[in-house]
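Naming: A, B, ... by sequence-line order, numbering from 1 per chain. Keep in mind that the numbers below use all heavy atoms, side chains included, and drop hydrogens, waters and symmetry copies.
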Amino acid sequence: MQRGAALGLALGALALGGALGFYLLSAPETWRMARGVTIVDDKRTPDLANGERLFNAGGCTSCHSVPGQNDRLQLGGGLAFDTPFGILHAPNISQDRNQGIGAWSLGDFARAMREGVSPQGRNYYPAFPYTSYQRMTPSDIADLYGYLKTLPASTQVSKPHQMAFPFNITRGLGLWKLAFLDGKPFTPDPARDAQWNLGAYLVNGPGHCAECHSPRNAAGAIIPSLRFAGGPDPEGKGFVPNITQADNGLKKWSAGDIAELLKSGFTPDYDSVGGTMAPVVKNMARLSDADRMAMGVYLKSLPAIETPPRPAKKQ
Amino acid sequence: MKRFVLAGLAIALGATAVLAQDVIAQRRDIMKGVGGATRDPGAMLKGEQPFDLAKVQRTLAVYQDAAKKMPGLYPADSKTGGDTSAAPKIWEDSAGFKAAFDKFAADSAAAAAAIKDEASFKANFPNVLKDCGSCHESYRLKKG
C-alpha cells in the first residue's frame with residue numbers, strides 16, 4: 001500500500017513536472033528567449049507601393065480573400081484547407097477592428113508574421129507560412145502593414161478550425177516552433193550579387209515557395225535536405241513539382257523561362273500551370289520583371305535534389 | 001454458362017479499362033497539341049519570332065477544334081486509370097467544365113475574326129491565353 005502511494009506520488013510529480021515543463025517550453029516568451037526578439041520598425045513611414053509588392057509576392061489574397069467572389073482585396077477569409085491534421089480555415093485579416101486585424105499594432109503584426117503568434121499569445125498553425133515570413137525584413141513588414149491598412153474592412157466572422165486531438169491544442173505548437181522555427185531573418189550572401197540576393201529573399205521570405213514545393217516530415221515541417229525537391233501536395237491532391245536543378249526539375253529551364261512562368265503561367269512547352277499554382281501566378285504577375293527574373297536566377301542556383309518517391313496511387 | 005458469363009464480364013471490364021486509358025491518352029494528345037500550337041504565337045508575343053498571320057490563324061483553329069472535342073473525353077470511368085492530372089471537379093461540376101471550353105472556343109473564334117495584323121494580334125491573342133490558366137486552376141491538379 002505504502003509502495004503504491006509512493007509510486008502514485010512519484011507519477012503525480014512526474015506528470016506535474018511534465019505539465020510544467022510543457023507549459024514553460026511552449027510559451028511564446030520561451031521561443032523569444034531561444035530565438036530572439038522580433039525587431040519592429042515603428043519609426044518608418046510605410047512605402048505603400050513596396051507594401052503592395054510584398055502583398056503580391058506573399059500571395060496573401062490566395063488564402064485570405066473571401067472564396068467565391070472576384071475581389072482580391074476583400075480579406076474576410078473563409079477558405080478551407082484539408083490538412084493531414086484536420087481542417088483549417090483562413091481567418092479574416094481585413095481592417096475590421098473586431099473580426100479582422102484592424103486593431104493590431106505594427107508590433108502585433110510583426111510578431112504574427114515572424115513568430116506565428118496572435119496579439120493574445122495564441123499560436124497559429126504553420127499553414128500560415130510564418131516559417132518563411134520570419135525571413136522578411138522589419139522595413140518590409142512595416143510597409144506591408146501600412147499597405148494592408150489601406151484595404152477594406154470585412155465584418156465576416158472567422159470560421160473555427162476543425163483539428164483532431166491533440167493538434168487542436170494550439171499551445172503545443174510552441175514546442176513545434178522551438179523545433180522548426182529558427183527565427184533567423186534573411187541575411188544577404190556577400191559572395192553573391194544583388195540580383196541573386198533579391199531572388200533568394202523573395203523565394204525564401206515573402207514568396208514562401210518552399211512551403212508547397214518541399215516534402216514534409218511526420219510533424220508537418222519541411223525536410224531541410226529535400227527543400228524545393230517537390231512532394232505530395234500538402235492539401236492532399238496531386239503532387240507538387242521539383243523546382244531544384246534535378247533532371248525532372250528546372251534543369252532545362254533558363255532564369256527567363258522561370259520568370260515567364262511566374263508572369264504568364266506558361267512553361268517553355270506552353271503548358272499552362274494549374275491547381276493552386278494558377279493563383280500564385282496571378283499574384284506574381286503583378287511583380288516587376290526584375291523581381292521575377294531575380295527569383296529565376298536564384299532558383300537556377302539551387303543544387304539538384306532528386307524528387308522524393310511518390311506515395312502509392314490511391315484508386 | 002456461368003463460366004461464359006464470367007469470361008464475358010472479365011472481357012467487358014478489361015475493355016472499359018482500356019477505353020479509359022484510351023480517352024486519357026486522347027485528351028492528353030489534344031492538350032499537348034494546344035500547347036504545341038501556342039509555341040509560334042507565344043514566341044511572336046515575346047518578339048522572338050516575326051508576326052505571321054497564317055500561323056496565328058492555324059493556332060486559333062487548333063484551339064477551336066480542341067474546345068469542341070475535349071468535353072466529350074471525360075466519361076465517369078476515366079477519373080483515374082492512366083496518366084492523368086484531371087481534377088475531381090471536372091465530374092462534380094461538369095456544366096462549369098463544359099462552359100469553360102465553350103468560352104475557350106468563343107474567345108478563339110472572336111480572336112480569329114479580330115486578328116488582321118500584328119497590332120490586333122497583340123491586342124487580342126493574350127485574352128485567349130488567359131483561358132488556359134483559368135480552366136487549369138479549377139479543373140487540373142498539380143503535377144510533378
Approximate separation, where rounding is to 0.5 Å, of A/Lys282 NZ and B/Glu137 CD: 4.0 Å

- prompt: Just wondering, are more than 12 heavy atoms of other shown residues or ligands nearer than 6.0 Å to NZ in A/Lys263?
  reply: no

task: Check the surroundings of atom CG in B/Asp117: do more than 12 heavy atoms from other residues, nucleotides or ligands lie under 6.0 Å from it?
output: yes

message: Please report the interatomic distance CZ(A/Phe266) to NZ(B/Lys46), rounded to the nearest 0.5 Å.
response: 10.0 Å

field: Distance, nearest 0.5 Å, that separates NZ of B/Lys130 from OG of A/Ser264
entry: 12.0 Å

- prompt: Tell me, do A/Asp271 and B/His136 make a side-chain contact under 4.5 Å, heavy atoms counted?
  reply: yes

task: Using a 4.5 Å cut-off on heavy atoms from C-beta on, say whether the side chain of A/Asp269 contacts that of B/Arg39.
output: yes

message: Are there over 12 heavy-atom neighbours, none belonging to B/Gln57, within less than 6.0 Å of that residue's CD?
response: yes

- line: Residues B/Gly133 and A/Ala278: closest non-hydrogen pair is O-CB, 4.0 Å

